Amino acid sequence: MSYTSSKKFLKTEIIVSSILFFSAVVFSLEPTREFFLQTVMESQYQELETYKKCFFLLERNNVKEKDLKNLIQTLCDLGGKNRFFILNDDVELLKAKAYERIKDYKKSKDILLGILENGENSLSKTDAMLELSTLYEKEDRAKKALKMIEENKNISPYYKKDEVCFTLARLYYLQGQTKLAGKAIAEISFLEEDCRDFYSQAVRDNWGFYSQAEKKFILNSLNKMGLNDESAVLSIRYINEYKTDFEETEALALEMLSHPGKFRWLLALKESYPEIAAEMESLLRISEKPVKSHSSSVRGYYYYQLLRKLSKKARYNDSKALSYYENFLDGNIDTGYARKNLEFTIRNLLAFKKYDAITNVIEKTYQKLNLISNYSILSEGVSFWEGYSYLQMKEYDAALKAFEGTISKTPDGYYAFYAKNFIQQILEKEKIPFENYIHTLEKNFSDSDDTALKLYLGKILYVWKDNSEKEAIKERILFLNKKLNPDEILEWDSGCLKKMKKSENYVQFMVHTRLGLIEKAKAILSSEELSDPNLQNFLVLQELVRNKDFKKASPLYSSLADESYLKENFPFLPKEWQILLYPTPYDSEIKLALSKLGNRLTDKSLVYAVIRGESMFIPNARSWAGARGLMQIMPSTARLISKKALDKKKADLYNPLHNIILGSFFLNDNIINYGLLKAVASYNGGIRIIEKTKAKFHPANDIELMELIPYQETREYVKKVFCNYFRYKDIYESSTSGFAAMLYPKKEMIP
């Protein structure tokens with residue numbers, strides 16, 4: 001080592017030592033902890049990148065021995081005894097794995113024993129214990145491995161629980177202790193592919209020892225792991241053993257319908273439950289005859305399949321849809337299927353402008369489900385089309401109530417935007433002063449003692465308020481939400497989360513997340529009893545977005561987008577969570593792209609809405625159809641517009657600036673030609689299907705047209721992009737004015 005590098009090394013050691021001392025004094029403070037982490041991440045950037053490369057190299061199967069020896073030397077340099085490294089125990093674990101790969105088992109065991117006995121991190125100790133057990137088994141020392149696992153299994157009881165239980169079960173089997181093996185197996189919820197054969201065998205061997213609750217848990221685990229044959233056999237045993245009631249048996253039968261062995265399973269079911277077997281067979285052979293079943297799930301699924309067929313390729317048929325849906329209502333109905341089947345029925349009736357039929361089937365459904373209060377609705381879409389249909393029938397009071405329900409369900413959603421506008425126009429039509437309308441809402445909100453009704457009214461008031469009044473209403477809604485949903489997302493920032501932030505494992509979690517080791521990061525959260533998938537996704541996402549790692553963030557965004565509570569309560573989430581879910585990367589590129597447009601009919605929020613909907617901010621994204629980059633431009637489209645938009649023949653579609661310029665130009669051009677709604681729909685599905693649908697059904701306006709597009713992907717895309725748009729406007733501009741005015745329905749649409 002040269003004198004210069006020695007001085008640099010000494011300087012680094014002094015900096016790191018100072019950081020350690022400082023962190024020991026005030027490490028419990030969150031801002032200090034973040035500063036500590038950031039400083040360490042910067043000062044140890046090269047070391048962390050080296051660790052990351054070593055980690056992924058060892059994940060490969062075909063690494064040469066020479067490369068493994070070089071890797072060991074790298075790890076020795078990285079985790080030297082005289083140097084502080086934030087992942088020191090993890091480095092030792094990698095080193096042990098590398099020695100194992102070159103068959104130097106003694107050195108591997110020595111390292112693992114050292115971690116188990118002297119390691120500083122409980123998670124690394126658990127990892128060492130599992131690796132050490134594998135090595136002992138290879139040496140036919142299963143008894144020693146079992147003793148070690150039994151003594152150390154609670155080092156970190158929630159970390160890698162399934163793996164620990166599986167290892168225990170296997171070791172008990174090797175010792176002939178079948179019952180203990182079965183007990184360990186019964187606690188496992190999910191295993192990787194290569195462990196499942198043993199799991200299935202152990203479950204079969206111990207089935208008679210399990211309680212009914214354990215058996216139900218095991219059946220659920222089998223289905224989660226895709227062990228369909230095993231699940232089918234044991235489900236039959238389960239229903240025969242416990243003579244399960246009609247409802248539970250049907251639930252198991254419906255689960256089996258998606259399994260390859262369903263016919264064998266149904267054959268076995270016929271002996272004890274012939275009625276249920278007949279029901280399942282009718283579901284497999286969907287016909288137009290009414291299904292004979294008392295089960296709400298069976299009936300819901302049956303009519304869902306029939307109504308779904310009518311909506312495919314715009315084969316809308318109002319009389320058939322109405323007949324199917326009325327048969328569906330003539331018996332026990334499931335709320336989930338009621339919503340889905342009703343949405344299909346509405347689309348079929350809307351195609352032929354049967355507005356009175358739409359209101360009738362919705363009212364019948366609400367009566368059937370006993371949803372008699374004004375604030376009980378199935379979905380914002382159902383409520384919106386009820387209000388819209390009443391509007392066409394000039395029943396303004398009923399329309400107003402339905403539109404209020406739409407807003408309350410999802411205050412910043414696609415349907416709520418139109419509902420709000422229609423309410424304004426109804427008030428004008430009926431000559432009701434806006435101030436009087438708001439005053440009535442405020443009085444009812446203030447006077448009500450019903451928490452659910454108060455929350456309903458509060459959400460409606462929220463969309464009409466501005467600035468400080470809006471914030472005051474938001475505080476009340478947060479309070480009411482917590483009162484009705486005490487365990488929901490709004491409570492996540494307390495209790496175990498605060499405890500986690502004080503734990504030494506929180507820093508480990510953040511480091512592993514920033515390195516892109518997501519599964520390890522989530523396992524660390526589980527070790528701190530933070531096992532809720534949505535919470536894990538939020539915490540991991542926070543670190544990924546800070547580092548602009550949108551490729552790894554994308555599946556987390558998708559998962560959180562499906563969370564109904566988030567969709568319905570997004571305006572009331574903390575601002576930092578809203579920004580996390582709707583970030584603004586590529587800001588300078590978007591500004592430049594917009595500055596190049598002549599007749600500009602788009603804005604920054606709309607571009608962000610499309611980027612989020614198309615690529616989730618991943619610059620090198622590519623679709624199955626060949627669309628590329630942030631705004632998912634097809635190469636053929638790029639060839640047509642590159643010269644005009646970029647003043648060059650060829651564009652690099654993976655270059656963020658080129659892609660955004662082309663995408664903004666194409667979107668803006670479509671808006672000029674087709675209008676905003678059709679422009680967004682055609683961005684996803686092309687203009688041909690839109691024009692074809694319009695020519696076939698002659699919808700009264702673009703709102704109806706969007707609902708009648710036969711492609712579910714395009715319908716959902718339109719709603720998603722405009723929901724994104726409204727949220728970007730609200731978060732960063734506190735307004736949905738300006739370009740959003742192009743979305744408003746014309747007044748002549750109000751009868």
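Because the structure is predicted, anything quoted here is derived from the model rather than measured.
Checked against side chain to side chain contact (heavy atoms under 4.5 Å, CB included), Asp652 has the following partners two or more places apart in sequence or in another chain: Tyr654, Asn655, His658. For Arg628, the salt bridge (Lys or Arg N to Asp or Glu O under 4.0 Å) test picks out no residue, with sequence neighbours left out. Glu519 meets the side chain to side chain contact (heavy atoms under 4.5 Å, CB included) test with no other residue; sequence neighbours excluded. Annotation: side chain to side chain contact (heavy atoms under 4.5 Å, CB included) contacts of Ser588 (sequence neighbours excluded): none. Residues passing the ring pair (Phe, Tyr, Trp, His ring centres under 6.0 Å) test with Tyr586, sequence neighbours excluded: none. Remark: Phe666 engages Tyr683 in a ring pair (Phe, Tyr, Trp, His ring centres under 6.0 Å) (not counting sequence neighbours). Looking at residues two or more places apart in sequence or on another chain, you find a salt bridge (Lys or Arg N to Asp or Glu O under 4.0 Å) between Lys109 and Glu139. Not counting sequence neighbours, Tyr711 has no partner by the ring pair (Phe, Tyr, Trp, His ring centres under 6.0 Å) test. The ring pair (Phe, Tyr, Trp, His ring centres under 6.0 Å) search around Tyr158 returns none, not counting sequence neighbours.
Evaluation of the salt bridge (charged side-chain N to carboxylate O under 4.0 Å, His left out) test over residues 583-593, restricted to residues two or more places apart or in two chains, returns Asp587-Lys591, Asp587-Lys604. Pairs of residues two or more places apart, or lying in two chains, that qualify as side chain to side chain donor-acceptor pair (under 3.5 Å) and include a residue from residues 712-721 are Tyr415-Lys719, Glu614-Tyr717, Asn684-Glu713, Asn684-Thr714.
Outside the 6.0 Å centre-distance limit, the rings of Phe190 and Phe166 are not counted as a close aromatic pair.
Here the shortest heavy-atom pairing between Ser133 and Met148 reads N-CE, 3.6 Å. Taking every heavy atom of both residues into account, Ser554 and Met616 meet most closely at OG-CB, 3.8 Å. Tyr199 and Ile218 get closest at one heavy-atom pair: OH-CG2, 3.9 Å. Shortest non-hydrogen contact noted between Tyr728 and Pro583 is OH-O, 2.7 Å. Across every non-hydrogen atom of Met634 and Gly626, the tightest pair is SD-C, 3.8 Å. Across all their heavy atoms, Gly629 and Ser615 have their closest contact at O-CB, 3.6 Å.
To the nearest 0.5 Å, atoms CG (Leu75) and OG1 (Thr50) are separated by 9.5 Å. Here the straight-line distance linking atom OG of Ser156 with atom CE of Met129 works out to 9.5 Å at 0.5 Å rounding. Rounding to the nearest 0.5 Å places OH of Tyr582 at 9.5 Å from OH of Tyr557. Rounded to the nearest 0.5 angstrom, Leu78 CG and Gln73 CD are separated by 11.5 Å. With rounding to the nearest 0.5 angstrom, the CD atom of Glu163 is 12.5 Å from the CG atom of Leu168. With values rounded to the nearest 0.5 angstrom, Thr167 atom OG1 is found 12.5 Å from Lys153 atom NZ.
Using a 4.5 Å heavy-atom cutoff, the side chains of Lys552 and Asp549 are in contact. Using a 4.5 Å cut-off on side-chain heavy atoms (C-beta onward), Leu541 and Leu581 make contact. Between Asn121 and Ile115 the shortest side-chain heavy-atom distance does not fall below 4.5 Å. A heavy-atom distance below 4.5 Å is not found between the side chains of Asp730 and Asp412. Using a 4.5 Å heavy-atom threshold, the side chains of Met631 and Ser664 count as touching. The shortest distance between side-chain heavy atoms of Cys165 and Ile185 does not fall below 4.5 Å. Residues Cys76 and Lys95 meet the side-chain proximity criterion, which asks for heavy atoms closer than 4.5 Å. The shortest distance between side-chain heavy atoms of Glu230 and Arg196 does not fall below 4.5 Å.
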Mind running side-chain contact (heavy atoms from CB on, under 4.5 Å) on Tyr45 and Leu48 for me, showing each step along the way? CA-CA 5 Å; Tyr45 175 79; Leu48 288 166; 6.0 Å; no

side-chain contact (heavy atoms from CB on, under 4.5 Å) between Leu592 and Ile660, worked out: CA-CA 9 Å; Leu592 181 58; Ile660 292 171; over 6 Å; no

Run the salt bridge (Lys or Arg N to Asp or Glu O under 4.0 Å) check on Asp89 and Lys125 step by step: do they pass? CA-CA 9 Å; Asp89 282 349; Lys125 286 184 176 184; over 6 Å; no

One pair to check against side-chain contact (heavy atoms from CB on, under 4.5 Å): Leu113 and Ile111. What are the steps and the verdict? CA-CA 6 Å; Leu113 280 168; Ile111 292 170; over 6 Å; no

Do Ser189 and Asp162 pass the side-chain contact (heavy atoms from CB on, under 4.5 Å) test, and can you show the C-alpha distance, the side-chain angles, and the key distance before you say yes or no? CA-CA 7 Å; Ser189 59; Asp162 285 342; 3.2 Å; yes

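For the pair Ser623 (side chain) and Ala625 (backbone), a donor-acceptor distance under 3.5 Å is present. A donor-acceptor pair is defined here as one N or O able to donate and one able to accept, closer than 3.5 Å; such a pair exists between the side chain of Ser527 and the backbone of Ile524. A donor-acceptor contact shorter than 3.5 Å is absent between the side chain of Asn569 and the backbone of Phe572. Without hydrogens or angle criteria, Thr513 side chain to Phe509 main chain gives a donor-acceptor distance under 3.5 Å. Put simply, the side chain of Ser108 gets close to the backbone of Ala96: a donor and an acceptor are under 3.5 Å apart. Between the side chain of Glu733 and the main chain of Ser605, no donor-acceptor pair closer than 3.5 Å is present.
Judged by the 6.0 Å distance and 45° axis criteria, Arg612 is not positioned over the aromatic ring of Tyr725. Remark: Arg170 is not positioned above the aromatic ring of Phe198, lacking an NZ or CZ atom under 6.0 angstrom from the ring centre and at most 45 degrees off the axis.
Side chains of Asn547 and Glu543: no donor on one and acceptor on the other come within 3.5 Å. No hydrogens or angles considered: a donor-acceptor pair under 3.5 Å links the side chains of Gln536 and Ser526. Looking only at atom types and distance, the side chain of Asn537 has a donor-acceptor partner in the side chain of Lys522 under 3.5 Å away.
Comment: Asp90 engages Lys520 in a salt bridge, judged by a side-chain N to carboxylate O separation of less than 4.0 angstrom.
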Exercise answer: donor-acceptor pairs, residues 51-65 side-chain atoms, under 3.5 Å, sequence neighbours excluded:
residue	atom	partner	partner atom	Å
Lys52	NZ	Leu515	O	3.4
Glu65	OE2	Lys69	NZ	3.4

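Tested against Asp127 for a side-chain contact (heavy atoms from CB on, under 4.5 Å), the candidates Leu132, Leu93, Leu112 yield a single pass: Leu93.
The number of heavy-atom neighbours closer than 6.0 Å to CG of Asp197, taken from other residues, nucleotides and ligands shown, is 12 or below.
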